[in-house]
Amino acid sequence: MKKYIFVTGGVCSSLGKGIAAASLGTLLESRGFRVSMIKIDPYLNVDAGTMSPYQHGEVYVTDDGAETDLDLGNYARFTSSPLSKANSITTGQIYQTVINKEREGKYLGKTVQVIPHITDEIKSQILRIGSNKETDITIVEVGGTVGDIESVPFLETARQCIHEMGRENVLSVHLTLVPTVSGDEMKTKPTQHSVKELREIGIQPDILLCRAKKELSESMRKKIANFTNVDVESVLSAIDVNTTIYEIPLIYHQQKLDEIVLRKLHLELRPAQVDNLSEMVAGYKNAKSTVTIAMVGKYVDLHDTYKSIDEALVHAGMGNKVRVKILKIDAEKLEKSATPEELLGGADAILVPGGFGQRGVEGMVLAVQYARQARKPYLGICLGMQIMVIEYARHVLQLEGANSTEMNPQTPHPVVSLLEEQEGVTKMGGTMRLGKSATHTKGHTHIRSAYGHEIIWERHRHRYEFANAYKESLENAGLKISGYTSDGMLVESTEWKDHPWSTGVQFHPEFTSKPTKPHPLFRAFVAACIK
Ligand code: GLN
């Protein structure tokens, strides 16, 4: 029998459900089980691709080009779960499928309703992943907070799954908040209410993870257990961590979360292997030196916009045994500062991440010029590579006003322009150049020495491209092209001649980095910072 775990959240949002679900995945894998992860987002967007980062943070891209919620990134970093379009479910996508079926006449004259048609569709998508022969346990994270109108059909589906497959095959793990008031008094009432809400829908949680400033006392756990019908040993503390989130699975492991889950699911208690993770976390916590990287972007006031890049830099720190401090610099502030030195002087290296639209671009150009002239290591990702091209064209080739046609359609020197296949595209959803493709790296370049081999596979998410008309003049002036697509038609990476370390990539290396396997490009970048 295949096993399922539904992870829900109560009291308020942003409690770290994604990390909790992913940590549980880590622990079950550490005991030799094969885990698949699914994220449910109860919004009506078909995918996250059309949303601004201000809505839900970074858009995470899978190999098959799905534009998903950033929690899939957490799953990728914490587990080996295969991740594709099918691992991300939204209300919009479910309704679109059901409505398409209705138009095709597939419901044979029936009235199409939320129950059973919507819930059946949700169930079939979950079971399609869960019944795969490569999967033992499927963890389904239900986005939003219990009590939200939007999540009701998903919770109803979870209830049906528990009822149909039995409690020994389907578990409910609920993450709640135990807030602290007047000094350090911890309050259990919101947790009691949140469980009450869940039980009204017909779900009795099996395990409670209580997010709190400090560990819950035995008496507090007993109180919660009493009010919620959860065994006291299944009421766990989810305490805040300050150095690294990779410590979270270890904290749950100390409280025997994995053991409790396996027992409840009637699965064999195989030995846990968490030494690798413990060593890595300890190594990072004890690292003696720190490198400082300035990340110059336009959404810096938001915590989760560049989530995968932040994490990839930390992984690279782990790989190089240094702490990484990321200074988020607002590109627009840079435009207003007297000199770039003022804001960037304290950094060992500069990174310009991906982005869309005109705002902040001039500040990014200044940052790239500064990195090139001050000979500081530079990593440009997607837009960050395009800025490298624009900056070089303007300041080295003296092509005044050189730009991307995304920023200025009338630029006299369109050094970055729309892909031919993108001309005439009017629909926004899922129409960029998306997903995994091959890059052929050239010998004697930073990118080749980082990866160590010629052909690399990375994910894309962009519309604009290095304009080949400017290739020769830029190359002659010293902007090296270090990688191409397999057909040799598109530029995938660039670097500066005679500069200690620089690489701009049109793709997104950040999506595949793991703490246990830092991405080679980030690793090389951080190594260059140490130098
Ligand atoms: N806006 C740029 C493009 O569409 C870069 C996209 C990105 O950085 N992801 O090509």
Side-chain angles (χ1 to χ4, degrees), residues 47-63 65-68 70 72-73 295-300 302 304-310 312 328 331 350-365 367-368 378-391 393 402-409 411 414-437 439 458-468 470 483 485 489-494 503-512 521-522:
D47 62 35
T50 55
M51 278 187 276
S52 134
Y54 286 110
Q55 299 290 307
H56 295 271
E58 162 189 290
V59 174
Y60 182 82
V61 182
T62 56
D63 276 350
E67 297 173 280
T68 72
L70 57 75
L72 267 82
M295 193 195 286
V296 183
K298 73 185 237 197
Y299 311 104
V300 287
L302 241 131
D304 278 342
T305 318
Y306 307 111
K307 183 81 192 143
S308 291
I309 299 180
D310 296 348
K328 300 249 167 112
I350 314 291
L351 187 154
V352 174
F356 294 83
Q358 160 67 38
R359 187 166 66 79
V361 160
E362 294 307 316
M364 296 174 207
V365 171
V368 171
Y378 173 73
L379 178 59
I381 296 176
C382 207
L383 178 64
M385 181 196 107
Q386 298 175 357
I387 301 286
M388 205 176 172
V389 176
I390 295 168
E391 191 278 327
N403 215 331
S404 160
T405 54
E406 177 184 9
M407 315 311 163
N408 177 10
T411 168
V415 290
V416 176
S417 60
L418 212 52
L419 272 172
E420 215 169 287
E421 67 198 42
Q422 287 288 337
E423 283 167 15
V425 170
T426 50
K427 276 197 178 168
M428 285 297 159
T431 56
M432 280 188 249
R433 178 181 177 213
L434 287 167
K436 188 165 91 168
S437 61
T439 294
E458 295 285 3
R459 301 174 195 173
H460 294 73
R461 181 174 186 253
H462 64 113
R463 283 186 209 284
Y464 295 82
E465 202 73 57
F466 184 115
N468 285 337
Y470 293 88
T485 46
M489 295 305 286
L490 303 175
V491 170
E492 290 279 37
S493 63
T494 52
T503 293
V505 288
Q506 191 56 79
F507 48 78
H508 290 270
E510 68 272 24
F511 293 139
T512 50
L521 200 54
F522 284 90

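Only heavy atoms go into these numbers, but all of them, side chains included; no hydrogens, no water, no symmetry mates. Numbers here simply count residues along the sequence, with the first being 1. Whatever order the structure lists ligands and atoms in, that order sets their numbers, starting from 1. Small disclaimer: the values here were computed from a predicted structure and weren't measured.
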Considering the heavy atoms of [X], write down every atom of ligand 1 situated less than 4.0 Å from one of them.
{"X": "His508", "value": "9 (N)"}
{"X": "Glu406", "value": "1 (N), 2 (C), 3 (C)"}
{"X": "Arg461", "value": "6 (C), 7 (C), 9 (N)"}
{"X": "Gly354", "value": "8 (O)"}

Where is the nearest protein heavy atom to [atom]: which residue, which atom, and how far?
{"atom": "atom 7 (C) of ligand 1", "value": "Cys382 SG, 3.0 Å"}
{"atom": "atom 5 (C) of ligand 1", "value": "Gly355 O, 3.3 Å"}
{"atom": "atom 4 (O) of ligand 1", "value": "Arg463 N, 3.0 Å"}

For the residue pair [X] and [Y], establish whether any side-chain heavy-atom pair is separated by less than 4.5 Å.
{"X": "Phe356", "Y": "Met432", "answer": "yes"}
{"X": "Phe507", "Y": "Val61", "answer": "no"}
{"X": "Thr411", "Y": "Thr405", "answer": "yes"}

Proximity to ligand 1 by part of [X], non-hydrogen separation under 4.0 Å:
{"X": "His462", "value": "both"}
{"X": "Gln386", "value": "side chain"}
{"X": "Met432", "value": "neither"}

Is it the case that Tyr299 and Arg359 place a side-chain donor and acceptor less than 3.5 Å from each other?
no
Would you give the length of the straight line joining atom [atom1] of [X] to atom [atom2] of [Y], rounded to the nearest 0.5 angstrom?
{"X": "Thr62", "Y": "Arg459", "atom1": "OG1", "atom2": "CZ", "value": "6.5 Å"}
{"X": "Ile309", "Y": "Lys328", "atom1": "CD1", "atom2": "NZ", "value": "8.5 Å"}
{"X": "Glu67", "Y": "Thr431", "atom1": "CD", "atom2": "OG1", "value": "8.0 Å"}

Any nitrogen or oxygen of Tyr464, side chain or backbone, less than 3.5 Å from one on ligand 1?
yes
Please report whether ligand 1 has a polar contact with Leu383, defined as an N or O pair separated by less than 3.5 Å (distance criterion only).
yes
Side chain to side chain donor-acceptor pair (under 3.5 Å) partner of Ser308, the single match among Glu58, Glu510, His508
Glu58
